[in-house]
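So the structure is just underneath, and the comments pick up after that.
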There are 4 protein chains.
Amino acid sequence: MAYQVGVVGAAGYAGAELVRLLLAHPDYELKAITSNADAGVRLADIYPAFTGETDLVFTSHDDPALMALDAVFLAVPHTAAMGMAPSLLAHGVSVFDLSADYRLASAEVYEEWYGVPHASPELLAGRAFGLPELFAKDLADARASLETGEPALVACAGCYPTATSLAAAPALRMGWCREDTIVVVDAVSGVTGAGKGCNARTHYCSADENVEAYGVCKHRHTPEIEQILQAKDRVVFTPHLAPLKRGLLSTVTLRLTQEAAAMDVEEAVEAYRSFYEDAPLVTVLDAGAMPRTASVAGTCRCQIGLAVDPRTGVLVATGAIDNLCKGAAGQAVQCANIVFGLEERRGLPLVAMPV
Amino acid sequence: MAYQVGVVGAAGYAGAELVRLLLAHPDYELKAITSNADAGVRLADIYPAFTGETDLVFTSHDDPALMALDAVFLAVPHTAAMGMAPSLLAHGVSVFDLSADYRLASAEVYEEWYGVPHASPELLAGRAFGLPELFAKDLADARASLETGEPALVACAGCYPTATSLAAAPALRMGWCREDTIVVVDAVSGVTGAGKGCNARTHYCSADENVEAYGVCKHRHTPEIEQILQAKDRVVFTPHLAPLKRGLLSTVTLRLTQEAAAMDVEEAVEAYRSFYEDAPLVTVLDAGAMPRTASVAGTCRCQIGLAVDPRTGVLVATGAIDNLCKGAAGQAVQCANIVFGLEERRGLPLVAMPV
Amino acid sequence: MAYQVGVVGAAGYAGAELVRLLLAHPDYELKAITSNADAGVRLADIYPAFTGETDLVFTSHDDPALMALDAVFLAVPHTAAMGMAPSLLAHGVSVFDLSADYRLASAEVYEEWYGVPHASPELLAGRAFGLPELFAKDLADARASLETGEPALVACAGCYPTATSLAAAPALRMGWCREDTIVVVDAVSGVTGAGKGCNARTHYCSADENVEAYGVCKHRHTPEIEQILQAKDRVVFTPHLAPLKRGLLSTVTLRLTQEAAAMDVEEAVEAYRSFYEDAPLVTVLDAGAMPRTASVAGTCRCQIGLAVDPRTGVLVATGAIDNLCKGAAGQAVQCANIVFGLEERRGLPLVAMPV
Amino acid sequence: MAYQVGVVGAAGYAGAELVRLLLAHPDYELKAITSNADAGVRLADIYPAFTGETDLVFTSHDDPALMALDAVFLAVPHTAAMGMAPSLLAHGVSVFDLSADYRLASAEVYEEWYGVPHASPELLAGRAFGLPELFAKDLADARASLETGEPALVACAGCYPTATSLAAAPALRMGWCREDTIVVVDAVSGVTGAGKGCNARTHYCSADENVEAYGVCKHRHTPEIEQILQAKDRVVFTPHLAPLKRGLLSTVTLRLTQEAAAMDVEEAVEAYRSFYEDAPLVTVLDAGAMPRTASVAGTCRCQIGLAVDPRTGVLVATGAIDNLCKGAAGQAVQCANIVFGLEERRGLPLVAMPV
């Protein structure tokens with residue numbers, strides 16, 4: 001029996017990716033896709049990739065069908081999500097929120113970085129953080145609650161925090177880093193990360209043949225990374241835009257303790273592999289190899305590469321994901337799989353086009 | 001029970017795409033992948049997209065395991081294919097040949113365009129032409145023969161001929177065109193169409209930000225298109241290279257009879273849809289819409305758009321495919337599905353990434 | 001002594017390219033750049049390529065300084081241009097119009113294709129058509145008139161008509177083509193051709209990794225091509241969009257007379273070279289070579305390649321230009337050079353980046 | 001009177017860019033271009049951008065004409081350069097070396113990173129380091145020596161060291177940084193940086209739609225950056241490849257002293273501007289702005305953007321250049337300009353295409 005699900009904000013990039021994944025998933029039945037701007041329009045008219053495959057039509061966000069579903073994926077901007085989640089939960093609908101609204105545990109930090117007060121801070125304590133490889137307990141708890149009839153609220157991690165934390169967390173959690181280390185995060189994202197909105201930055205003629213940094217020291221994923229890594233005021237995050245559609249590479253530089261700096265990279269790889277032995281979607285590459293974003297494009301995988309530099313005493317860890325899949329829609333489905341008791345990879349794309 | 005299959009030439013682009021498709025297919029079990037240059041190497045070391053998914057290792061083309069399979073896909077260059085097919089067939093192995101070796105019905109025409117004599121002209125009469133939407137009978141015959149124990153030899157159509165013929169054949173077969181019409185084919189391919197070989201044309205810095213025509217009036221797909229369309233010495237084929245990885249768009253211009261030129265485009269669309277009513281992988285777009293290669297990338301679909309110009313009395317038909325999938329590997333699997341009695345779309349990717 | 005010039009509509013892509021060319025030109029002094037939307041803003045804040053080079057600030061289109069200049073380049077949309085040209089001319093200012101407003105000799109044809117009545121049809125007879133290689137007399141006349149004190153009105157040819165006509169006109173003018181030939185034009189443009197407006201087609205994530213046809217049989221450059229080639233109702237024009245910024249390749253297929261079809265391609269090349277012997281910006285490539293758009297990017301050159309197919313009796317001619325330079329701003333400056341009595345290449349970029 | 005110059009290794013990417021610059025330069029006369037692999041071939045046949053502009057033909061590296069020139073630019077790989085420079089110098093020919101052979105002051109460090117002994121270590125002490133904005137005295141000394149008849153040996157800085165050092169050096173030289181700071185350099189380069197050699201990394205289908213790190217902690221530009229910044233064993237350098245042709249962005253993260261961390265970014269910008277007040281090719285952007293590589297493509301400029309993060313106490317400085325121009329050929333010409341007593345920008349491209 002399939003779970004009945006809906007996507008709110010299905011006309012955006014993450015929303016459309018959710019539709020792609022859910023239509024292909026054997027255990028979910030996609031009953032509603034909503035978009036206020038495109039209500040009444042056929043999905044295939046906005047995204048011709050669906051032509052010939054589905055006749056789904058957008059309804060508006062207030063579609064009453066949503067309240068009767070098993071789960072709703074919220075792919076709307078922050079602030080919009082927290083306007084919808086409480087009501088869905090009250091109707092017993094589990095919520096997988098792809099926005100930032102429930103990611104930060106502290107409503108104060110949310111207000112500080114997002115500039116608006118949180119509308120439902122009372123939900124923060126009970127929400128699960130949706131980054132399964134690092135917050136397995138959160139999702140297990142949500143699963144347990146659901147079995148007692150309590151709908152889940154899962155705050156799916158952002159794209160940069162996902163790639164960054166998967167690359168950096170093992171080193172930090174295993175105590176390899178100097179206490180005073182700054183976590184230097186330089187990340188590169190494809191243009192889908194900037195969203196469907198068309199502007200001077202996302203115009204083809206601006207983005208093509210160009211690399212630039214943006215939001216330096218101000219990007220809102222910074223506090224999320226600091227929360228995940230428990231590195232308050234120690235993360236320097238510089239995101240960059242590069243000319244590709246999908247793909248996100250995060251390069252993290254960490255200063256190691258003298259002991260850790262003496263490791264071979266092979267030892268580091270082994271330790272990371274042990275750390276992720278229960279994480280089937282994370283692959284730690286052999287020593288010497290570094291991940292390519294193209295090799296995970298369209299999939300829910302994360303590939304990680306490591307280098308240890310005894311000369312300077314640092315670890316460089318790079319993590320590659322597809323920002324729309326493992327960094328957004330795929331991760332939300334992975335979380336739903338876990339919460340609904342399915343194998344976490346169930347129904348997810350796992351192999352990128354080889355070329 | 002799965003059919004046991006192998007891919008010869010699996011290290012090339014079409015071969016790697018075959019591996020992607022076959023690994024995901026519920027009815028085929030991939031038992032051997034061969035590459036003389038990479039024998040002994042792990043597939044994932046050449047194509048990191050497979051990292052974490054499979055430990056397959058290349059063997060060489062003379063791997064004896066091939067002779068015990070149900071089917072072998074030949075993804076080697078022309079001349080190499082006709083060196084292998086006879087022996088496979090003699091062992092009862094069905095052959096799906098992605099090269100040009102068995103496409104042309106005439107060994108003389110083959111020699112004229114390919115510059116070498118045909119090594120097994122006796123097989124030409126009995127081979128099936130692998131373009132299911134236009135040569136259904138060929139594949140039905142192959143299916144019938146297989147049921148009597150006769151292995152199939154399927155000459156899968158080339159990438160340009162596939163998109164071009166799917167766009168042009170209905171108009172020609174339905175008698176819309178002036179008898180003396182030249183079939184003007186201008187097509188654009190992504191760089192995967194130029195193959196894995198690295199040269200002055202495929203170097204990133206040559207192909208990026210550039211469009212150029214190549215092989216003008218000399219491309220070897222010309223006689224194949226003429227054969228499919230029964231338009232001997234009437235096809236002008238100008239292929240172009242554009243800066244994208246996958247995707248092929250063929251734009252065909254045909255002069256219409258006076259009667260046909262009086263059609264609305266809506267009538268043309270309706271007629272094409274009737275023509276393709278049994279072809280689930282071909283979608284004829286609504287009047288006014290033209291296909292985007294990105295909307296079929298990674299899939300085995302073909303999308304077709306039509307325009308009728310009463311002013312000049314022509315039909316412009318454009319067909320979009322993924323050159324590696326519907327134009328090569330996907331079509332081969334589609335043919336195999338038919339020959340083995342499966343639904344033709346079985347196991348094939350049908351929805352492109354929406355963005 | 002430099003001529004004083006201005007650019008109206010300098011915030012658009014063609015306008016900004018004009019600014020690039022005029023700032024580098026030794027004989028023009030750029031006195032005004034206008035943009036109603038960006039009046040008061042620094043050029044370098046819109047186009048950071050100018051940072052460190054100029055402090056020019058946009059004024060609005062009604063900047064009175066314009067009326068005192070030697071020449072104004074109009075890089076505004078059609079209809080806007082014909083709202084400004086008469087007044088400039090009345091003040092003795094020569095006008096180089098990059099819009100479509102004065103290209104078509106017939107106000108009726110203009111209205112038919114552009115859907116609006118022409119506002120100053122009385123100017124059409126006296127305007128020069130700005131495609132120097134094919135309309136040298138027009139520009140010579142404008143030069144002569146200017147010497148008598150009459151300001152020039154030059155209607156610069158569009159991007160597609162420029163590449164297409166330079167490739168096709170010699171064959172047609174030299175009588176190589178069958179009288180009933182359809183002129184089949186398939187052209188590919190980079191995304192700058194779609195302009196600065198940001199929309200579903202120009203978003204990076206739409207345009208990247210995609211090729212599509214658009215405006216099939218309806219594009220407004222069709223009557224312009226027919227006018228230049230004197231081929232009323234015989235041009236089939238199918239423009240395509242490909243993922244590059246700059247560059248336009250037009251591929252023209254023409255049916256030859258029996259006599260012409262017997263030519264070697266070397267003869268055709270020789271004849272084209274004679275045709276263009278006084279055109280220093282057009283290069284006819286050696287037999288067998290086809291032009292690459294990247295090799296003319298950023299320059300005012302056009303490269304042409306030819307193929308003759310005796311089998312089908314056609315000529316395939318391809319012309320490559322930079323749509324913003326030879327196809328717009330560069331051609332306007334080339335025209336101005338001629339009208340002001342300078343060598344036509346004066347101050348223009350002539351060598352693309354080699355890679 | 002023009003200086004007579006030659007380019008050795010002119011068939012490579014940096015060499016071809018030198019040819020582009022030197023052909024356009026009013027004070028240099030390009031007398032010889034050499035390539036052993038392409039001797040006897042026309043430049044325009046390898047780089048069609050030169051078609052119609054020059055009939056230059058490659059000679060081989062042992063072309064005796066070289067010894068009679070004023071200057072030779074060496075655009076050959078390391079080890080090859082040090083095989084040629086001594087002889088040229090002995091003939092009184094000034095040498096501008098784009099390879100790594102004379103960059104490192106220490107032959108031991110050279111041997112450690114390049115794995116071969118230095119062939120002419122005696123020349124290291126007297127060579128000028130070719131990064132004019134940071135080593136003005138070196139070039140002034142070379143100029144002075146030349147006036148006494150001593151030919152110059154200029155070791156032009158590498159692409160990554162140029163962008164990185166221009167971004168980082170002011171902060172380090174002005175004493176803003178904690179003594180123990182690690183200089184974290186994450187840089188992204190276009191594919192021309194990987195050279196003309198065609199391989200699995202530079203094939204279009206590998207590089208397109210992909211970002212990856214390479215040479216992590218092992219790239220040979222590391223000791224060069226450390227030498228420039230006087231930061232022995234403190235530079236962590238992670239280069240990345242992104243899908244663009246030209247462009248290099250270096251993002252440097254530095255820990256500040258408590259005092260420096262209290263600066264406004266506006267103060268930092270002012271200080272950088274003072275630092276570079278005599279450097280016309282370096283532009284420090286306004287506070288809040290970050291450079292785009294596209295805005296310097298094809299030019300010899302460097303644009304720098306700064307962010308100060310009081311939260312973590314770091315400075316993030318990004319520097320954008322064109323890797324082939326300011327990062328290679330342009331810088332070499334800039335150095336030559338200085339050594340020959342010309343204004344340093346003389347003849348160099350200064351404005352990128354606006355779009």
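All values derive from a computational prediction rather than experimental measurement. A, B, ... follow the sequence lines: proteins, then strands. Residue 1 opens every chain. Computed from heavy atoms alone, side chains included, the values below leave out hydrogens, waters and symmetry copies.
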Max heavy-atom pair count under 4.5 Å with chain D, selected residue of A:His203, A:Met290, A:Arg292:
A:Arg292
Taking the side chain as everything from C-beta on, heavy atoms only, tell me whether A:Asp186 gets closer than 4.5 Å to D:Val188.
no
Minimum heavy-atom separation for D:Ala242 and A:Val211, please, with both atom names.
CB-CG2, 4.4 Å
If one checks every heavy atom of D:Pro291 against chain A at 4.5 Å, the contacting part turns out to be backbone
Within the structure provided, determine whether A:Asp180 and D:Arg255 are in side-chain contact (heavy-atom separation under 4.5 Å).
yes
Ranking A:Leu248, A:Val308, A:Val235 by heavy-atom pairs under 4.5 Å to chain D gives rank one to A:Val235
Per-residue contact mode, D:Ala320 against chain A (heavy atom under 4.5 angstrom)
neither
Among A:Thr238, A:Val236, A:Asp233, single out the residue with the greatest number of heavy-atom pairs under 4.5 Å to chain D.
A:Asp233
Does any non-hydrogen side-chain atom of D:Glu212 lie less than 4.5 Å from one of A:Ser295?
no
Part of A:Arg246 within contact of chain D (heavy atom distance under 4.5 Å)
backbone
Of the listed D:Gly288, D:Pro243, D:Gly305, D:Ala297, the one with the largest count of heavy-atom pairs under 4.5 Å with chain A is D:Pro243
A:Glu226 side chain near D:Arg311 side chain, heavy-atom distance below 4.5 Å:
yes
Atom group of D:Val314 that falls short of 4.5 Å from chain A, counting heavy atoms:
side chain
Please report the closest heavy-atom contact between A:Ile182 and D:Thr312, naming both atoms and the distance.
CD1-O, 3.7 Å
Look up atom NE2 in D:His240 and atom OG1 in A:Thr251, then write down how far apart they are to the nearest 0.5 Å.
2.5 Å
Residue, of A:Asn210, A:Val355, A:Thr318, that accumulates the most heavy atom pairs under 4.5 Å with chain D:
A:Asn210
Donor-acceptor pair, distance only, cut-off 3.5 Å: does the side chain of A:Glu209 make one with the backbone of D:Lys245?
yes
Kindly give the heavy-atom pair with the smallest separation between D:Cys217 and A:Ala307, and that separation in Å.
SG-CB, 4.2 Å
Side chain / backbone / both / neither for A:Thr222 at chain D, heavy atoms under 4.5 Å:
side chain
Closest non-hydrogen atoms of A:Ala213 and D:Leu249, given as atom of the first, atom of the second and distance, are N-CD2, 3.9 Å
